[in-house]
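One structure below.
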Amino acid sequence: MATVVEPKHAAGMESDQLVALEGIDWPGYVAMLRLRGERGLPRMTYLDGRLSLVSPSHRHETLKKLLDYFIAATLAGLDVPFVPAGSTTLRRRGKRGGVEGDETYYIANYAGMRGKTAIDLRVDPPPDLAVEVVVTHDADDAVEVHRRLGVPEVWICAPGEVVMLVLGEDGRYAPAAASAAVPGVTPAEVRDWLARPMDAGATAWMDEVRRWAAEVVAPRRGARRTPVDET
């Protein structure tokens with residue numbers, strides 16, 4: 001029988017709404033996904049019988065979008081094409097896990113995923129980068145599912161903190177000094193950009209990020225345009 005773990009709330013802070021159901025088998029998880037349908041909320045993470053359902057707070061969603069803007073603008077400045085996969089449900093029964101990252105991206109695997117309307121991890125690679133935003137609940141289960149699915153890099157982002165985890169040959173994540181998926185960008189640089197005021201609006205801020213990536217990051221890392229098959 002499924003049991004419910006009550007959500008934890010941080011005092012004085014707007015909280016994500018989190019409910020965890022224990023003892024859920026795989027068919028039960030799939031049934032919950034179908035019941036939710038195309039609504040997108042609550043977001044679901046499934047790991048070894050535990051199903052976490054999250055309705056994110058405004059603070060969570062604001063940080064999520066800023067990270068998405070930053071990554072998109074930086075890749076544009078580096079002239080690196082990518083396919084955004086958003087919060088697509090990624091699941092494998094054999095891995096006993098399913099996850100919907102706050103944001104996900106195909107970068108190294110851009111060419112093979114371009115134009116796809118669905119992702120099937122039985123034949124398709126996992127995203128090259130996943131972002132998990134942490135405001136009032138941890139991302140431990142989500143990170144473990146990403147690991148089992150073979151996602152090469154995960155960013156864990158909380159207000160004022162960014163950790164970049166890169167999957168090693170031993171199949172484990174370890175903190176990295178710089179991103180491999182977004183070439184050469186460091187956690188400190190991401191933190192600094194997220195802390196900058198947007199007095200002129202998000203569009204102007206993204207333009208600044210794009211210029212910085214092109215003028216500072218690309219020469220520093222010797223970035224090159226990723227070859228793309230235009231046929």
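These numbers come from the heavy atoms of this one structure, side chains and all, not from hydrogens, waters or symmetry mates.
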Report yes if the side chains of [X] and [Y] come closer than 4.5 Å at any heavy-atom pair, otherwise no.
{"X": "Ile71", "Y": "Val182", "value": "yes"}
{"X": "Leu78", "Y": "Pro183", "value": "yes"}
{"X": "Tyr105", "Y": "Pro127", "value": "no"}
{"X": "Val54", "Y": "His137", "value": "yes"}
{"X": "Met44", "Y": "Leu33", "value": "yes"}
{"X": "Pro187", "Y": "Glu161", "value": "no"}
{"X": "Tyr106", "Y": "Pro84", "value": "no"}

Establish whether Leu53 and Leu41 are linked, either directly or via other cluster members, by ILVMFWY side-chain heavy-atom contacts under 4.5 Å.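 Leu53 does not cluster with Leu41.
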
In the single-linkage hydrophobic clustering (I, L, V, M, F, W, Y; side-chain heavy atoms under 4.5 Å), do Val166 and Leu129 co-cluster?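 No, Val166 and Leu129 fall in different hydrophobic clusters.
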
Can you list everything that forms a side chain to side chain donor-acceptor pair (under 3.5 Å) with Glu103? Sequence neighbours excluded, please.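 So Glu103 forms a side chain to side chain donor-acceptor pair (under 3.5 Å) with Lys64.
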
For Ser179, what residues pass the side chain to side chain donor-acceptor pair (under 3.5 Å) criterion, not counting sequence neighbours?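 For Ser179, the residues satisfying side chain to side chain donor-acceptor pair (under 3.5 Å) (neighbours in sequence not counted) are Glu153.
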
Is it the case that the side chain of [X] and the backbone of [Y] share a donor-acceptor pair, with hydrogens and angles ignored and the cut-off at 3.5 Å?
{"X": "Ser55", "Y": "Pro42", "result": "no"}
{"X": "Trp212", "Y": "Gly77", "result": "no"}
{"X": "Asp25", "Y": "Gly28", "result": "yes"}

Minimum heavy-atom distance [X]-[Y], with the two atoms named:
{"X": "Met113", "Y": "Pro125", "answer": "SD-CD, 3.9 Å"}
{"X": "Leu18", "Y": "Ser52", "answer": "CD1-CB, 4.0 Å"}
{"X": "Tyr173", "Y": "Leu167", "answer": "CD2-N, 3.5 Å"}
{"X": "Leu66", "Y": "Trp205", "answer": "O-CH2, 3.8 Å"}
{"X": "Ala73", "Y": "Val209", "answer": "CB-CG1, 3.7 Å"}
{"X": "Val135", "Y": "His60", "answer": "CG2-CA, 3.6 Å"}

For Arg43, all residues meeting salt bridge (Lys or Arg N to Asp or Glu O under 4.0 Å), sequence neighbours excluded: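 With neighbours one apart ignored, the set is Glu61, Asp102.
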
Considering residues at least two apart in sequence or located in another chain, which fulfil the salt bridge (Lys or Arg N to Asp or Glu O under 4.0 Å) criterion with Arg122?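 If we apply the salt bridge (Lys or Arg N to Asp or Glu O under 4.0 Å) test to Arg122, skipping adjacent residues, the hits are Asp120.
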
Pairs touching [range] that satisfy salt bridge (charged side-chain N to carboxylate O under 4.0 Å, His left out), sequence neighbours left out:
{"range": "residues 204-219", "result": "Asp207-Arg210"}
{"range": "residues 81-90", "result": "none"}
{"range": "residues 165-176", "result": "none"}
{"range": "residues 127-146", "result": "Arg50-Asp141, Glu144-Arg147, Glu144-Arg148"}

Rounded at 0.5 Å granularity, tell me how far CG in Leu51 sits from OG1 in Thr45.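 OG1 of Thr45 is found 8.0 Å from CG of Leu51.
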
Evaluate Val134 against Cys157 for side chain to side chain contact (heavy atoms under 4.5 Å, CB included), listing each step before the verdict. CA-CA 6 Å; Val134 175; Cys157 303; over 6 Å; no

The test is side chain to side chain contact (heavy atoms under 4.5 Å, CB included); show your working for Val131 and Asp68 and say whether it passes. CA-CA 9 Å; Val131 171; Asp68 183 42; over 6 Å; no

List in chain and number order the residues that pass side-chain contact (heavy atoms from CB on, under 4.5 Å) with Val190, two or more places apart in sequence or in another chain; answer none if no residue qualifies.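 For Val190 the side-chain contact (heavy atoms from CB on, under 4.5 Å) partners, ignoring immediate neighbours, are Leu67, Phe70, Trp155, Val162, Met164, Val185, Leu194.
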
Identify, with sequence neighbours excluded, every residue that meets side-chain contact (heavy atoms from CB on, under 4.5 Å) alongside Ala202.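 For Ala202 the side-chain contact (heavy atoms from CB on, under 4.5 Å) partners, ignoring immediate neighbours, are Tyr69, Met198.
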
Can you run down the side chain to side chain donor-acceptor pair (under 3.5 Å) pairs that involve residues 84-94, sequence neighbours left out, and say none if there aren't any?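 Of all non-adjacent pairs touching residues 84-94, those that pass side chain to side chain donor-acceptor pair (under 3.5 Å) are Thr89-Glu100.
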
Which residues satisfy the ring-ring contact (aromatic ring centres under 6.0 Å, His included) test with Tyr29, sequence neighbours excluded?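 With sequence neighbours excluded, Tyr29 shows a ring-ring contact (aromatic ring centres under 6.0 Å, His included) to Trp26, Tyr46, given in chain and number order.
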
